[in-house]
Amino acid sequence: MSDAIPFIDLQAQRGRIEKQIDSAIARVLAHGSYIMGPEVAELEHQLAEFAGVHHAVACSSGTDALLLPLMAWGIGPGDAVFVPAFTFVATAEAVALAGATPVFVDVLAGTFNMDPASLEKAIDAFAGKSITSEALAVEELRPKAIIPVDLFGQPADYDRIVPIAERHGLKLLADTAQGFGASLHGKRTGCFGHMAATSFFPAKPLGCYGDGGAIFTDSDDEAELLRSLLNHGQGRDRYQNVRIGINGRLDTLQAAILIEKLKIFEDEIAARGRIADRYSRSLREVARVPALIPGAASVWAQYTIRVPHRDALAARLKDRGIPTAIYYPTPLSRQEGYRHYPTVPGGTPVSDHLAAEVVSLPMHPYLQPAIQEKIIDAVSEAGA
Ligand SMILES: *Cc1c(COP(=O)(O)O)cnc(C)c1O
């Protein structure tokens, strides 16, 4: 199996920085501060600088990075939070965990990201109106927040979504779990919205060797509140608990690993961009390739195309030893655990359509030109 093509090649990256990572891990084992060791604060400092924000707060996962801001804002029962229907489950899960109600909004076919028109329609439908639903057991939903997602690595359309949030007085929490390292008009994700959440799950553009995440904010008060919440609602000293929190800390070992990976991240972002450009140039005749909004530079967490006979294409690629993945086969609004939550009037036809047409190709910074050629040839032949 040595010549099997990996979908994401984490071992190639490991080969590049093995010595540095091994000695970073050894340093943590030697000093023994496994929880909240010095590497956590060091990483937070570097992440904040990278994103161009005042504070990065490291935490245990991307899911907790979404939950903690909602807790900090006191969002809970009776509150509506607008999320795209076409995303990874954690975007809506965090809202439900906070006790609030996710309201599903449609996305745009070209970019896969939240459709600002569908968002406005959903806000108008729920603002000040009573909805009674047995499953929800609430009489009136109060619109409180929007969570746009930087899906597959491209920033959401913040130029259009920020004014909508402002007009309706809603909090904006950017889910940049897949988008950390991307930029819009030269500004890195992490700086868009009131707060932003990212994930260091191994397969994300910047991943650790386990679970991890971070929250970005410019507010000193919010950063302090987040640090308390992720540490059991800790007050000024460890045995003071001034609020309900969670155990949401990032391990020191993961912080030490991320510090080493951050050193080569810019270089990896550039490599991802070159690979995506080549895919787009070569495949635009045989498939619908991803569209970028003006000013956006994607970090290409996934390279996702649309074809009418997606399953047939995936099967033909598999026969040639080329792995693919389907992100996502079912919109969240149709998932068993989520379908009782409200959806924008008119539903989410674009999300439904995408779920049937998308297929993601191998994408990572170490994808060799010859392998990429093989993938492009196989897609072209299957599509022709
Ligand atoms: C991965 C992901 C998350 C959750 O991150 P975890 O670290 O796995 O908890 C949230 N939102 C999106 C869009 C993701 O892709």
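Here, residue 1 is the first one in the sequence, and each next residue gets the next number. Both ligands and their constituent atoms are indexed starting at 1 by order of listing.
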Hey, is D277 close enough to R274 for a salt bridge, meaning N to O under 4.0 Å? no
Any sub-3.5 Å donor-acceptor pair from D64's side-chain atoms to C59's backbone N or O? no
Are K261 and Q13 linked by a side-chain donor-acceptor pair shorter than 3.5 Å? yes
Please list every donor-acceptor pair under 3.5 Å in which a side-chain atom of residues 195-209 meets a protein atom from a residue at least two apart or in another chain.
unit_1 : atom_1 : unit_2 : atom_2 : d
T198   : OG1    : T176   : O      : 2.9
S199   : OG     : F201   : N      : 3.0

Are any protein N/O atoms closer than 3.5 Å to the N/O atoms of ligand 1? If there are, list each pair with names and the distance to one decimal place.
unit_1   : atom_1 : unit_2 : atom_2 : d
ligand 1 : 5 (O)  : S199   : OG     : 3.3
ligand 1 : 7 (O)  : G62    : N      : 2.7
ligand 1 : 7 (O)  : S199   : OG     : 2.6
ligand 1 : 9 (O)  : G62    : N      : 3.3
ligand 1 : 9 (O)  : T63    : N      : 2.8
ligand 1 : 9 (O)  : T63    : OG1    : 2.5
ligand 1 : 11 (N) : D175   : OD1    : 3.3
ligand 1 : 11 (N) : D175   : OD2    : 2.8
ligand 1 : 15 (O) : Q178   : NE2    : 2.8
ligand 1 : 15 (O) : K204   : NZ     : 2.6

For residues 231-241, which residue pairs qualify under side-chain hydrogen bond (donor to acceptor under 3.5 Å, both in side chains), counting only residues two or more places apart or in two chains? N231-R249
Side-chain donor-acceptor contacts of residues 65-80 below 3.5 Å, not counting sequence neighbours, with atom names and distances?
unit_1 : atom_1 : unit_2 : atom_2 : d
W73    : NE1    : E222   : OE2    : 2.9
D79    : OD1    : R142   : NE     : 3.1
D79    : OD1    : R142   : NH2    : 3.0
D79    : OD1    : K144   : NZ     : 3.1
D79    : OD2    : G76    : N      : 2.9

